[in-house]
Every structure is written in C-alpha cells, then in structure tokens.
Amino acid sequence: MSFPLLTLTAAVPALGAIATAAVPAAKRTAAKWLALFFSLVTLALAVIVGIRFNTGSGADRYQLTESHSWIADFGVRYELGVDGIGVALIGLTALLIPFIIVAGWHDADPQETGNTRWRPTQGFFALILMVEAMVILSFEATDVFLFYILFEAMLIPMYFLIGGFGDRAHAGSDEKAAAQRSYAAVKFLLYNLVGGLIMLAAVIGLYVVAGTFSLSEIAEMRAAGELEMATNTERLLFLGFFFAFAVKAPLWPLHTWLPNAMGEATAPVAVLITAVVDKVGTFAMLRFCLQLFPNASEWATPVILVLALISIVYGALLAVGQRDIKRLVAYASISHFGFIIMGIFAMTSQGQSGATLYMVNHGISTAALMLVAGFLISRRGSRLIADYGGVQKVAPVLAGTFLIGSLATLSLPGLAPFVSEFLVLVGTFARYPVIGIIATFGIVLGALYSLVLYQRTMTGPVKLEVAKMPDLKLRELLVVGPLIVLLVFLGVYPKPVTELVDPAVKHTLSDVKQHDPEPEVAAK
C-alpha cells in the first residue's frame, strides 16, 4: 500500500479542527493562527496531490488510490481515488479556505456579553476546517456509501456556521436577526436532509442491484457485461441520486434555501457555501450520476437541460431585482450553477470541460466578489444597495477590486469565468443549439446585474454615511489580491486546469457512450 496521501490531505484539516477547538478561551488569536496554519498545510498537500497526479495518456482513471475494509458485513470499504476533476476541486477547496479564514479573522470575535465561557472564535474556525476535511474527502471517495456519509455529515458544521455565526450587518433588532439566521439554517438543513434521505434509498437500491458500493467494481462489472439493471430501476436510482445533488448544487426549483443561507451567513461562510460546499453537488453529477447510470442520464438529459436553462435565466432575472448585495450574489450563483449543469449534461467534451473549469472559476470569482462585498458591508453596517453611493471616491482600492469581481461575475473576456462559460455554450450549441442560444441571454442579464450593482454602490454622489469609509487594509488586500491575480491568470492561460480535467472528461463521455457531434461543414 502506497503512502496514504489522500487520507492525509483530509486528515490534516480534521486534526486542525480538533486542535483549534481545544485552544483555551483566552487564546482566541492563537486559535486563528492555528487554524490558518493547518489550512496552509492542507494547501501544500493539495499541491503535492496535483504534482503526483499523472495526466499522460494511458494513466489510470483513478490515481493515488487507497482501499481498506470498513464495514465488511455490508461490503462498505474506505476507498479513495482521484481523477483530474477531483484534483482540480481539491485544489480549489484547499486554496480558498486560507482566504476564508483570513477574511473572517474578526467575524467570530465575542460580543460584549460578559460571558467568559462563550468561545465562538475557536468554534467558528474549527467548523470551517471540519467542513474542509469533509469536502476534500468527498472529492476523493470512490465508495458510494462513504461518499453518502460525507455528503450528509458536512451539513452539521454548516448548520452551526449559518445559524450560530450570522451576519452582524442586519437591519432590525438582534432578536429579529437571530430569528432570520435560525430560519435560514433550518431551511438549509431540511432541504439538504430531504435530498440526502432520498439519496440513501437510492444507495441501498444500488447495493441490492450491484452487490457492492465500489465504483471500480461496478465499472468492471459493467465492462464485463455482468451488471444488468432494468430500465425503470436505473431511472429510479438515477433520480434518487440526482435529486440530492440538484438540491446541493442548487438547481431550480430546489434552490430557495441558498439566498437565505448566503444572506444570513457572514461573507466568508457565504463563500464556503457557494464556492466550496455546493461544488460537491455538481461534482457528484459527473462522478456518480453519469458513471453509475449512463442510460438513465441520457434519458433525463432533455429535462435537466430545460431546468438548467430556467436556472440561468430565472437566477439572473432575480439578481437584477435584488436590493440586498449578498442575495444578489446568491441569485447570480444560481444562474452560474445552471451553466455548470448545462455543460455537464450537454454530453460533449467542450461542455463538460467547460463545466469543470466553471466550477473552479466560479469558486474564485464568487470568493473575490463576496469577500470584497463583506468588507464593504462591515464598514457601512448594511447589506442594502440603496445605502451606498460614491464609494469609489473615498475608497478607490475597495471599489477597484469590487469592479474586477463584478466583471468576473459577468464573464468579461480576459477573466477566468469567460473561458469556462464560452466552452459550456460551445459544447451545448454543438448538440442542443436552441438551448445554447437561449442560454446566451443569461450573459446579457449577468452584465446588467453586475454593472448596475457597481453603479449604484460605487459611483454617483458620496453619501454621508460612506464619506469617511476607510479603504482596504493590508489583511484585506492579502485576501482579495491573490484571487484577482488568479482570475486574470486563468483568464489568459486556462491550460493548467483544462489539461488536468480533459482525461477525466473523456472517461465520463465513454461511460455514457457519447462522442462529440461532427461539425457541419457547408458544401463548397
């Protein structure tokens, strides 16, 4: 058995969570630095995973594999392995967590309650590290039951991060703010629990049919013609898995928990939700839905593409009409997830490569915009767009970084999301031209809500309440600066990510027995 690098990559943040939670109450600053240290070690391990991953032709689909018996009586194994898509998303997760920790450096500092036993700081950062550990392990799991356990378990720390460490910039009384945080946390938990319970029934059904939870064993059985699955059975199992992933993603009409959760959470936790945790849903569509149920995936594709198209347009339209900055970003993310799911089920190499690249780029661009928005909100104490105006005159660096984040959100050429969105549209148009054409309206609406947001908050006369607003500090620049550099770098040179994910995309298309349609060449 080779060195358990994948286990170590997930174990480090888990151990960091335990160590951070154990720091004495009076050592809050030490807890922050300890959490940051463990997140940086995890990032270093993720880089090593990327270096050791072989993208050459003939390389194994799943690499750095680990396999140990876990619950032998039920055929459950602790089985790990990564393909290029998993490596890219592990890298995204490990990259964003240090920025989330630094951005939320003071978000969990205790209020002046006089209760010295209350230790929110240690708990806040410990919960973030625990989420990181579970998300990374879910990208590595090749045993369906192990993945399900992680898929559900990550809801627990997220529930406490949303409900227990909500946004302090809230209009109204403390009691009202607490009630709305509680509502958002419970809604998040219930939606995802229902999806998870339906998935559990499908996981059990899969075991009854296949006799194993192992992806590699199921693939071998399918290749040898030993796995026979009735059409209706495969479709029902596919729907059970897809429903859970569509809630997590989220896909219209299962999206309504996201604006509440992102609106009531702190900005770093909002980034954790949409840039990290939600990627588990779209990743699982590629790894489990298409690989386990290829025929059912093809059967469901037309309906899923329509739902994705509705998400694109509906999310963008609601973003245009928002008065709350954080809810606007949430609805924009719903629109972006529509593009990702559309690319996955376009069943073309360009579409799926673009969808995977979109997961990475959306994580970086949303983190940049939301974290800068969080810095803005913390200065003014309000999430309402109408409470701002003329910020660029008093805080030009803040306004400039906010502008770049907004331009990335609308997929401006030269910034990272443009490449992925372009690939998704090209891949979709090649097989479903009508869907591809209608989806381009999402780009127009994206430009509208992004530029209107910047215009209303940053330009115009300086409002009295923002006249003395300070510009970004060093800590804040250390958060947004590297993210902006990455947006530009991946916008002009996306090759490192595309080379990483392309072999996995080819395997996925092979699973569903699809190939790129031949281009129509006009007769001379």
Side-chain angles (χ1 to χ4, degrees), residues 1-22 34-56 58-98 126 128-154 157 203 212-220 276-277 279-280 283-284 286-288 291 500-501 503-504 507:
M1 185 67 64
S2 60
F3 181 76
L5 179 59
L6 297 185
T7 293
L8 187 62
T9 307
V12 166
L15 292 173
I18 296 171
T20 302
L34 188 63
L36 180 59
F37 169 77
F38 276 98
S39 70
L40 291 174
V41 173
T42 305
L43 176 58
L45 290 171
V47 171
I48 295 173
V49 169
I51 292 172
R52 291 192 57 185
F53 186 81
N54 182 10
T55 58
D60 293 337
R61 179 174 188 174
Y62 294 112
Q63 300 178 32
L64 306 174
T65 56
E66 303 172 30
S67 183
H68 306 278
S69 179
W70 182 19
I71 309 175
D73 291 342
F74 297 99
V76 180
R77 300 186 63 82
Y78 176 79
E79 197 168 82
L80 307 181
V82 287
D83 58 6
I85 299 171
V87 172
L89 293 177
I90 289 170
L92 172 68
T93 303
L95 173 71
L96 291 181
I97 295 300
I128 290 175
L129 289 175
M130 188 56 67
V131 171
E132 179 183 23
M134 293 179 181
V135 170
I136 288 177
L137 202 56
S138 69
F139 292 143
E140 299 170 347
T142 55
D143 182 277
V144 178
F145 190 82
L146 173 62
F147 173 83
Y148 169 77
I149 294 297
L150 297 164
F151 187 83
E152 289 290 85
M154 68 180 69
V203 169
T212 180
F213 294 111
S214 171
L215 279 179
S216 58
E217 292 181 8
I218 292 173
E220 291 173 2
V276 176
V277 173
K279 298 300 186 297
V280 176
F283 164 80
L286 281 165
R287 173 165 284 189
F288 296 102
Q291 185 173 343
L500 186 63
V501 304
H507 283 295

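Position 1 is the first residue of the sequence; numbering continues from there.
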In short, Met134 meets Pro157 closest at the heavy-atom pair SD-CG, 4.4 Å
Taking side chain to side chain contact (heavy atoms under 4.5 Å, CB included) as the definition, give me every residue that meets it alongside Ala19, ordered by chain and number, with sequence neighbours left out. Leu34, Phe38
Quick check on side-chain contact (heavy atoms from CB on, under 4.5 Å): which of Gln63, Arg287, His507 does Asp83 satisfy it with? Arg287
Go through the structure and list residues passing side-chain hydrogen bond (donor to acceptor under 3.5 Å, both in side chains) with Thr212, not counting sequence neighbours. Glu217
Do Ser69 and Arg77 have side-chain atoms, one donor and one acceptor, less than 3.5 Å apart? no
Which residues share a side chain to side chain contact (heavy atoms under 4.5 Å, CB included) with Thr7, sequence neighbours left out: Pro4, Glu66, Tyr78, Leu80
Residue set satisfying side chain to side chain contact (heavy atoms under 4.5 Å, CB included) with Ile18, at least two apart, ordered chain then number -> none
Ala94 to Pro98 - nearest heavy-atom pair and separation: O-CD, 3.0 Å
Ring pair (Phe, Tyr, Trp, His ring centres under 6.0 Å) against Phe53, all qualifying residues, sequence neighbours excluded: none
Salt bridge (charged side-chain N to carboxylate O under 4.0 Å, His left out) partners for Asp143, two or more places apart: none
The ring pair (Phe, Tyr, Trp, His ring centres under 6.0 Å) partners of Phe288 (sequence neighbours excluded) come to Phe147
Taking only residues two or more places apart in sequence or in another chain, which ones pass side chain to side chain contact (heavy atoms under 4.5 Å, CB included) with Ala219? Gln291
Quickly, which of Ile136, Leu137, Val49, Thr65 forms a side-chain contact (heavy atoms from CB on, under 4.5 Å) with Leu6? Name it, please. Val49
Provide the full list of side chain to side chain donor-acceptor pair (under 3.5 Å) pairs with a residue in residues 39-49, sequence neighbours left out, each pair given once. none
